[in-house]
Amino acid sequence: MDRAEVETRIRSLIAPFNKKGADIADATTFAGDLEFDSLTVMDFVAAIEDEFDIIISMNQQAEIENFGQLVDAVCKLSDK
Amino acid sequence: MTGDLFSKFDDIIALRQSLLAGGGEDPFSLVMEKVLSPTRAICNGRDTILLGTYNYMGMTFDPDVIQAGKDALDNYGAGTTGSRVLNGTYQGHKECEEALKEFYGMDHAMVFSTGYQANLGIISTVAGKGDYIVLDIDSHASIWDGCALGNAEVVPFKHNDIDAMEKRLKRIPEGAGKLVVLEGVYSMLGDIAPLKEMIAVAKANGAMVLVDEAHSMGFIGEHGRGVAEAQGVLEDVDFVIGTFSKSVGTVGGFCVSNHPKFEVLRLVCRPYVFTASLPPSVVATAATSIRKLMHGGEKRAHLWENSRTLHGGLKQLGFQLGTDAPQSAIIAVIMPDLQKGAAMWEALLKEGLYVNLARPPATPANMTLLRCSLCAEHSAEQVQTILGMFERAGKAVGII
Ligand SMILES: Cc1ncc(COP(=O)(O)O)c(C=O)c1O
């Protein structure tokens, strides 16, 4: 799966969680720009895990702060 | 200039001040001036019914338990001044572990200084680097801290969601070790886990299973062994974690297991090794209490009766509760928000009733809860008095 496809699919998964309709770029942060709280993070991560059939452990989540990092991590995880 | 490391707490300090600005009593600095029985105390000068102490079986004032503690104080002194693996294992610690083995019908028992440390120690030691811990998102802080202390990959799933758990187990890379961590009773809402189904899924996917039965010991299941016993799956649980700070009525924690190599944990589990063991009086009260709990059938029946009466009564009054039916000895009353919750808590205290105020972030879905935990020593009459207090306070605060 190429990066562009992963990005498109994650964009559509974010939509229902992006309550304020903020613009999303690689540098958009989840905690800061999108104001995700811990419950939103859990639901959002679960949606991504199900879409790509992967696990993003809490340890890995700790390294993912913005949209670009998430796309990269998903690319790497779904490549395995 | 040095930066103030405390500035990160400013939001919490502000929230607390805004709550207290109303002139109310501080829900988090209550003092029990005198304790009259498992169900009554003098709190802030008032005679108060205790409905938030997790003293489920009322063992704190059991005469045999108290006598055992006094004898141990006389015979063994006030404390051990040492680790379990050095000079801190007395006859009483071994007897306490024997009592636990008998209580659960298991081969091994390890007593820790608290239940918090039992979770910390077992989880961080059993699941190592490269292993996966799959746990319920509503797990107790001690379980989360056990995950944080260790080096395993941590994978949470939605509360009590069997499918979500199964999907995650199936995605774990082949060959990795797996530990599923569940609780029998979840203490925030007082709901129980579908352990039978969840443990079957865990085993089918090659995982070991740890169940924290802190809030079910002594009360749920035919012998009071917990939710796993009640659902007929205790045999399939690899590690049961428990505490002496609830039904047992003192302080301490433990893990029981049938794993043939269990005893090695005494050497490698840091929260077991690097802390002093429980005082002789504490393990003596715990052992006596555990043995009495084996024969607590009648008390268990009365506690269930209390739980059903309080749940039904509160529901009828129009309160919103954490579960549709009573599933444990915890009844959680859901408050509309933190302000109203604090006001209701204070109104109840002025009526002479102590309940537990729980608020975010400790609560699921950011709820504010008044948690009621019943005791087998609450009389049927006290439960009716409690319902009257809830009715008056609820109307005064405008919740019902
Ligand atoms: C589910 C659960 N596990 C563990 C503990 C910790 O027990 P202890 O009070 O013995 O540290 C508690 C209670 O606080 C609990 O609710």
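Below, chain A is the first sequence line, B the second, and so on; all start at residue 1.
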Options B:I137, B:V154, B:V134, B:I133, ranked by heavy-atom pairs under 4.5 Å with chain A, top entry: B:V154

Region of B:I172 in contact with chain A, defined by heavy-atom distances below 4.5 Å: both

Top of B:A365, B:A164, B:P173 for chain A proximity - count of heavy-atom pairs under 4.5 angstrom: B:A365

Chain A contact via B:A152 - which portion, at a heavy-atom distance below 4.5 Å: backbone

Pairwise side-chain contact, A:I56 with B:V155, heavy-atom cut-off 4.5 Å (strictly under): no

Under 4.5 Å from any heavy atom of chain B - which part of A:I54: backbone

Using atom types as modelled and no hydrogens or angles, find all donor-acceptor pairs between chain A and chain B shorter than 3.5 Å.
residue	atom	partner	partner atom	Å
A:E49	OE1	B:R168	NE	2.9
A:E49	OE1	B:R168	NH2	2.6
A:D50	OD1	B:R171	NH1	3.4
A:D50	OD1	B:R171	NH2	2.7
A:D50	OD2	B:K167	NZ	3.0
A:D53	OD1	B:R171	NE	2.8
A:I54	O	B:R171	NH1	3.4
A:S57	OG	B:E153	OE1	2.4
A:M58	N	B:V154	O	2.7
A:N59	OD1	B:V154	N	2.9
A:N59	ND2	B:A152	O	2.9

Where B:A202 and B:V180 come nearest, the two heavy atoms and their spacing: CB-CG2, 3.8 Å

Contact check, side chains of B:L135 and B:C147, non-hydrogen atoms, under 4.5 Å: yes

Listed partners of A:F36 passing ring pair (Phe, Tyr, Trp, His ring centres under 6.0 Å), at least two apart: A:F30, A:F44

Nearest non-hydrogen partners of B:F112 and B:P271, listed with the distance: CD2-O, 4.2 Å

Distance-minimising heavy-atom pair for B:A207 and B:L169: CB-CD2, 4.1 Å

Exercise: identify the closest heavy-atom pair between B:L189 and B:G322: CD2-CA, 4.0 Å

Distance-minimising heavy-atom pair for B:L195 and B:A228: CD1-N, 3.5 Å

Straight-line distance of B:I143 CD1 to B:I123 CD1, nearest 0.5 Å: 5.0 Å

Toward chain B: residues of residues 6-24 of chain A with heavy atoms under 4.5 Å: none

Ring pair (Phe, Tyr, Trp, His ring centres under 6.0 Å) partners for B:F6, two or more places apart: B:F9

Heavy-atom pair of closest approach, residues B:L120 and B:G146: CD1-N, 3.5 Å

Inter-residue atom distance B:I199.CD1 - B:I162.CD1, 0.5 Å rounding: 11.0 Å

